[in-house]
Undergrad: 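This is the structure I have questions about; it appears just below.
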Number of protein chains: 2
Amino acid sequence: MKPLSLHDSVHVLDLPRALPGALLQLDGRQTAADLPCETDELGALFGYRIPEAVARGKALFWEGAPAEHIFQIVGGVLRLFRMSSEGRRVMVGFAFPGDVLSIAVKDHYLFTAEAVTPTRVRRISRERLAIQIAEQPKVATIVFDRMREELCAVHHQTLLLLCQTAEMRIVRFLLWIAHKNPGAVETGAEFALPMLRTDIADYLGLTMETVCRTMTKLRRNGLIVMRGPHKIRFPNPRLVKDVADLGDSRGEWL
Amino acid sequence: MKPLSLHDSVHVLDLPRALPGALLQLDGRQTAADLPCETDELGALFGYRIPEAVARGKALFWEGAPAEHIFQIVGGVLRLFRMSSEGRRVMVGFAFPGDVLSIAVKDHYLFTAEAVTPTRVRRISRERLAIQIAEQPKVATIVFDRMREELCAVHHQTLLLLCQTAEMRIVRFLLWIAHKNPGAVETGAEFALPMLRTDIADYLGLTMETVCRTMTKLRRNGLIVMRGPHKIRFPNPRLVKDVADLGDSRGEWL
DNA sequence: CGGTTGATTGAGTCTTTTCAACGGGTGTGG
DNA sequence: CCACACCCGTTGAAAAGACTCAATCAACCG
């Protein structure tokens, strides 16, 4: 058995992001249902310490600061953004339970990570990770996988941005969020959309107003049902297929 | 000295992509000036075999095919694209001399790589790479770096797509291409823009027409000078700064 | 209660896309 | 050799879409 193969690795999407019975509330109010670390291969890496809490609106780390730690999100949602040279906020991603942050950076954080909801994280120092890699070659495989996952996340955003219309972008964005709650799309169950309209706009390269308007349109068309701005349902799964054909044979890109 | 540190690695942008004296012609006509593999740390990995040629318009590999090899571009330019579910072509990148392709994929190629210009590549099987990693831990560091580079490339596209206007996207795209020829921006020297207008459009999320129109606008404004559709100059480096302030302290994102 | 924040909606403007036409190359076959 | 077709780039006019500016509304908080 090869110790460091690029092949024999956990599938990116098979992560224990949300397990049956562990109802993950993305809005962070239900702190009891954190990601169970025992099931995570990476859990051992981060140790079984009690996770740290990050209050809503607080930053976990800042763009440009020396990257000393790697973080695993246990519960809650974070927004990841940079400041462009013109001073505009550029959303480069969101982090959900199970995600690992900044495993791919070299020495400085490339973006700021800010808690959208009350968030709980585990951390490991980059030094310690290096030692772990040296001691157990298998760890390198895990790190490879995580970097692949990070790459997939960015690629996913790229594909969203390459959608022509705002409607398409938003539908796919919503579906992406929905897919983090297993079965939400198929059963039409309600799921949380914790981030602000502005966050979504900055992520999709749109304005807040366009996001609002488009979501209203989707509501009028019966594609989505909203209970407040942050609770969404897809009442008609079949309808979803028509608007955005996600019939991708390989789930790698979502 | 830690054998597998994530820190002590070659800077992503310090790659021997274009060396003084090795005038890289991106249009691929000058096949003599290939990337010198001796200077490349990764060169040893790929061996010093004679590079394979890929004719213009031919694919190096196809989206969805089993990923058996990893490629290093020695000369020429490739377009990297996927087919969206609606059948539209989605450009996910371009590959230039020095780039390494598909080091981050798991088992199937995520995109098709097609030669824009006559191209020369070296290849290594994924199996062999795994063995190399096992034998020399230092190789893992190189692979980490390359994956970081791949991540940076995708992130760069994301940032391009998040630019509000077509003009900004295109200016930054052109600057990005220009930066691959050392000193081209500073001296106002001519550089090649080998890909088609359609390729650029698909990469920037615009239509071909918008790309054309915007480039003629840039030409009229004196920002660029064109000699045919594929030869560009920035005659006034100072003007460039005004239009697109790239004053980014860290070059990581370009 | 007044102030703030976030979401929504409206009206007008600007950009981009769409549809269409044209021109310069290149390659091919008569 | 020329005629023709085809690809690619460019430009034009009209339509659609997204943005800006602005007002309104609801929830929350001191």
Side-chain angles (χ1 to χ4, degrees), chain A residues 27 29 55-57 77 79 86 88-89 91 114-118 160-171 173-174 192-221 224-232 243, chain B residues 27 29 55-57 77 79 86 88-89 91 114-118 160-171 173-174 192-221 224-232 243:
Chain A
D27 64 5
R29 272 184 227 145
R56 215 189 106 176
V77 178
R79 65 174 73 93
E86 312 105 50
R88 227 166 46 88
R89 199 181 64 159
M91 198 68 56
E114 201 176 270
V116 171
T117 69
L160 277 182
L161 289 169
L162 283 172
C163 287
Q164 322 78 331
T165 63
E167 183 171 338
M168 197 63 100
R169 284 188 217 178
I170 287 180
V171 169
F173 175 79
L174 291 177
L193 188 71
M195 60 286 288
L196 304 180
R197 294 290 185 263
T198 317
D199 295 336
I200 300 174
D202 288 351
Y203 185 72
L204 297 178
L206 302 168
T207 59
M208 187 195 62
E209 293 93 330
T210 303
V211 174
C212 272
R213 268 186 263 274
T214 308
M215 287 186 68
T216 316
K217 194 163 105 186
L218 296 178
R219 197 179 345 138
R220 280 203 245 275
N221 294 352
I224 61 172
V225 173
M226 291 169 54
R227 194 160 62 86
H230 302 288
K231 308 272 191 191
I232 315 277
V243 179
Chain B
D27 64 5
R29 270 181 230 147
R56 214 189 107 178
V77 178
R79 65 174 74 93
E86 311 104 51
R88 227 166 47 89
R89 199 182 64 158
M91 198 68 55
E114 200 175 272
V116 171
T117 69
L160 278 182
L161 289 169
L162 283 173
C163 286
Q164 320 79 331
T165 63
E167 182 172 337
M168 196 64 100
R169 282 189 220 179
I170 288 181
V171 169
F173 175 78
L174 291 178
L193 187 71
M195 59 286 289
L196 304 180
R197 295 289 186 265
T198 317
D199 295 336
I200 301 175
D202 288 351
Y203 185 72
L204 296 178
L206 303 167
T207 59
M208 189 197 59
E209 293 93 329
T210 303
V211 173
C212 271
R213 268 188 264 272
T214 307
M215 286 186 68
T216 41
K217 193 163 107 186
L218 296 177
R219 194 175 352 133
R220 279 202 247 276
N221 295 351
I224 61 172
V225 172
M226 290 169 54
R227 195 160 63 86
H230 301 289
K231 308 272 189 189
I232 315 276
V243 178

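These numbers were taken from a predicted model, which means no experiment stands behind them. In what follows, chains are A, B, ... by sequence order, proteins preceding strands, each numbered from 1.
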Undergrad: From the set dT17(C), dA7(C), dA18(D), return the single nucleotide nearest to any side-chain atom of Leu206(B).
TA: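 It is dT17(C).
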Undergrad: What is the distance, rounded to the nearest whole Å, between atom CE of Met226(B) and atom C1' of dT10(D)?
TA: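 Spelled out: CE on Met226(B) to C1' on dT10(D) is 10 Å.
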Undergrad: Specify the residue among Arg219(B) and Ala166(A) whose closest nucleotide of DNA chain D lies further upstream toward the 5′ end.
TA: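 Its nucleotide being nearer the 5' end, the pick is Arg219(B).
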Undergrad: When the distance from CZ of Arg220(A) to P of dT8(C) is rounded to whole Å, what number comes out?
TA: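 It works out to 11 Å between those atoms.
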Undergrad: Roughly how many Å is it from CG in Leu162(A) to C1' in dT17(C), rounded to a whole number?
TA: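 For the pair Leu162(A) CG and dT17(C) C1', the rounded distance is 16 Å.
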Undergrad: Would you kindly give the CZ-to-C1' distance between Arg56(B) and dT26(C), to the nearest whole Å?
TA: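 In whole Å, dT26(C) C1' and Arg56(B) CZ are 10 Å from each other.
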Undergrad: Taking all heavy atoms of Arg56(B) and all of Val116(B), pick out the closest pair and write down the distance.
TA: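 So the two residues come closest at CG-O, 3.0 Å.
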Undergrad: Provide the closest heavy-atom pair for Thr198(A) versus Met208(A) in the form atom of the first, atom of the second, distance.
TA: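 Nearest pair, atom of Thr198(A) first, then Met208(A): OG1-SD, 3.8 Å.
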Undergrad: Give a yes or no on whether a salt bridge exists between Asp202(A) and Arg88(A), defined as a side-chain N under 4.0 angstrom from a carboxylate O.
TA: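 Answer for the salt bridge query: no.
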Undergrad: Assign Gly205(B) to base, sugar-phosphate, or nothing according to its heavy-atom contacts below 4.0 angstrom with the strands shown.
TA: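 Touches sugar-phosphate only.
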Undergrad: Within less than 4.0 Å of OP1 or OP2 of dT15(C), is there a side-chain N or O belonging to Thr165(B)?
TA: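 No, outside the criterion.
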Undergrad: Is there a donor-acceptor pair under 3.5 Å between the side chain of Thr117(B) and the backbone N or O of Val77(B)?
TA: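 Judged by distance alone, yes, a pair lies under 3.5 Å.
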Undergrad: Decide yes or no for Asp199(A) and Arg89(A): does some side-chain heavy atom of the first lie under 4.5 Å from some side-chain heavy atom of the second?
TA: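 They are in side-chain contact.
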Undergrad: To the nearest Å, how far apart are Arg169(B) CZ and dA18(D) C1'?
TA: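 After rounding, the reported distance stands at 12 Å.
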Undergrad: Of the non-hydrogen atoms in Thr210(A) and Ala166(A), which two are nearest, and what is the gap between them?
TA: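 Distance-wise, the nearest heavy atoms are CG2-CB, 3.8 Å.
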Undergrad: Using C1' atoms of five pairs at each end, report the bend of the helix from dC1(C)-dG30(D) to dG30(C)-dC1(D) rounded to 10 degrees.
TA: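 Answer for the end axes of this duplex: 20°.
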Undergrad: Between P on dT11(D) and CZ on Arg197(B), what's the gap in Å once rounded to a whole number?
TA: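 The answer, rounded to whole Å, is 10 Å.
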Undergrad: Can you name the closest pair of heavy atoms from Gly205(A) and Arg169(A) and give their distance?
TA: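 Shortest heavy-atom contact: O-NH1, 3.8 Å.
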Undergrad: Using atom CE of Met215(B) as one end and atom P of dC8(D) as the other, report the distance to the nearest whole Å.
TA: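 In whole Å, dC8(D) P and Met215(B) CE are 16 Å from each other.
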Undergrad: With a 4.0 Å limit, can you tell me whether His230(A) has a side-chain N or O closer than that to the phosphate oxygens OP1/OP2 of dG6(C)?
TA: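 Indeed not, no polar side-chain atom of His230(A) lies that close.
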Undergrad: Nucleotide by nucleotide, 5' to 3', does protein get under 4.0 Å of the base (B), only the sugar-phosphate (S), or neither (-) in nucleotides 20-30 of chain D, counting heavy atoms?
TA: BBB--------
Undergrad: What's the CZ-P distance between Arg88(B) and dT17(C), to the nearest Å?
TA: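 Interatomic distance, CZ of Arg88(B) to P of dT17(C): 10 Å.
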Undergrad: To check you understand the geometry: which heavy-atom pair defines the closest contact between Ala55(B) and Ala115(B), and what is its length?
TA: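 Distance-wise, the nearest heavy atoms are O-CB, 3.4 Å.
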Undergrad: Considering only dT11(D), dA18(D), dT8(C), which nucleotide approaches the side chain of Cys212(B) most closely?
TA: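 Output: dT11(D).
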Undergrad: Looking at Leu162(B) and Tyr203(A), what are the two nearest heavy atoms and their distance?
TA: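 Where Leu162(B) meets Tyr203(A) most closely, the heavy atoms are CD2-O, 3.8 Å.
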